[in-house]
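Since the structure comes first, as structure tokens, the remarks are kept for the end.
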Amino acid sequence: MSRIAYVDGRYVPHRYASVHIEDRGFQFADGIYEVVAVIGGRRFDEPRHLDRLERSLGEIDIMMPMSRAALACVMDEVVRRNRVTDGILYLQITRGSAPRDHGWRDGVSPKMVVTSRHQPAPSGQTIENGVPVITAPDQRWRRNDIKSVALLGNVLGKQKARRAGAYETWMVDSTGMVTEGTSTNAWIVVGGQIITRPLGPDILGGITRAAVLDIARELQITVDQRPFSVDEAGDADEAFLTSTTAYIIPVTQIDEKVVGTGKPGPVTARLLENYHRLIDEFLKS
Ligand code: PLP
């Protein structure tokens, strides 16, 4: 089956799906994106993703190219045409196409691309064994709360992890504190308490992060939203990472240091069990 993409008003086979060379997303990374999990053919936690999309666009002064209702129709259609049951939907909105000039002129109309593809949930083995992460300096710009397509720092960080045989790189700020993973949020558990960096310009407000905070509240697990250092993470009882595609994955090694017993811990397991419960409820709804 040939894959179909939505590109600026048309549904086209991937082979023909392209944007103009003067699209500002291509020239300047002047755009915003979202990744939504498709589970059972439907988009999981969509309202939160759309809230974040609108916020990100607002922060860089790009208009939503269409209403939420119209966008929902496009997303439905892309998922349907690609026959995706379990996977992801990718959506990107750039400022549009214009003669190259750093500043933009009013009247450039945003361009939107939507794709969807099958992608399996994390394997049982990954969840049972946990994954290693490495750490590296956070080399990104200073507005990581905006889900911008300017991902070079993240790309280089992820590649570093890949070369090291690790799942992810936890990025570290100039004071030695972990910000987040290159495409995931970072968490540790100390004495039964969950610790994660607070929202702010240093991290992306993950949708899975928000869901995990809801679950923790429900389970009455204390959450301390504060920065933690690499050393503290290495000495933690448990560690894990979260994202739309990773869900919740236990982290069992940080650089050379084994975390806790070296096996996924009980707090992470409870969160994961309850995240799966949310998914089950969504599938039944
Ligand atoms: N942090 C970064 C830098 C990301 O790119 C992502 C996801 O792409 C996340 C965190 C996790 O966010 P979410 O849970 O919304 O997927």
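Position 1 is the first residue of the sequence; numbering continues from there. Bear in mind that the values here come from a model prediction, so they are computed numbers and not experimental data. The analysis underlying the following values was restricted to heavy atoms, covering all of them including side chains, and did not include hydrogens, waters or symmetry mates.
- Listed by first and then second residue, the side-chain hydrogen bond (donor to acceptor under 3.5 Å, both in side chains) pairs that reach into residues 198-208 are R197-D202, sequence neighbours excluded.
- A donor-acceptor pair is defined here as one N or O able to donate and one able to accept, closer than 3.5 Å; such a pair exists between the side chain of E238 and the backbone of V267.
- Using a distance-only test at 3.5 Å, with no hydrogens or angles considered, no donor-acceptor pair links the side chain of T268 to the main chain of P264.
- Connectivity analysis of hydrophobic side chains (ILVMFWY, heavy atoms under 4.5 Å, direct or indirect) links V35 to Y33, I88, Y90, V149, L151, V155.
- Under a 4.5 Å side-chain heavy-atom cut-off, the cluster of Ile, Leu, Val, Met, Phe, Trp and Tyr residues that includes L199 is completed by I203.
- Put simply, the side chain of Q92 never gets that close to the backbone of V114: no donor and acceptor are under 3.5 Å apart.
- Every side chain to side chain contact (heavy atoms under 4.5 Å, CB included) that I62 has, sequence neighbours left out, goes to D30, L57, I60, I93, R95, P110.
- Remark: F26 pairs with no residue by the ring-ring contact (aromatic ring centres under 6.0 Å, His included) rule, at least two apart or across chains.
- Annotation: salt bridge (Lys or Arg N to Asp or Glu O under 4.0 Å) contacts of R143 (sequence neighbours excluded): E59, D145.
- Under the 4.0 Å criterion applied to side-chain N and carboxylate O atoms, E168 and K158 are assigned as salt-bridge partners.
- D138 places a side-chain N or O within donor-acceptor distance of the main-chain N or O of R140, the cut-off being under 3.5 Å.
- Of the candidates R48, K147, R68, E54 forms a salt bridge (Lys or Arg N to Asp or Glu O under 4.0 Å) with just one, namely R68.
- Proximity of a side-chain donor or acceptor of T179 to a complementary backbone N or O of M171 within less than 3.5 Å is detected.
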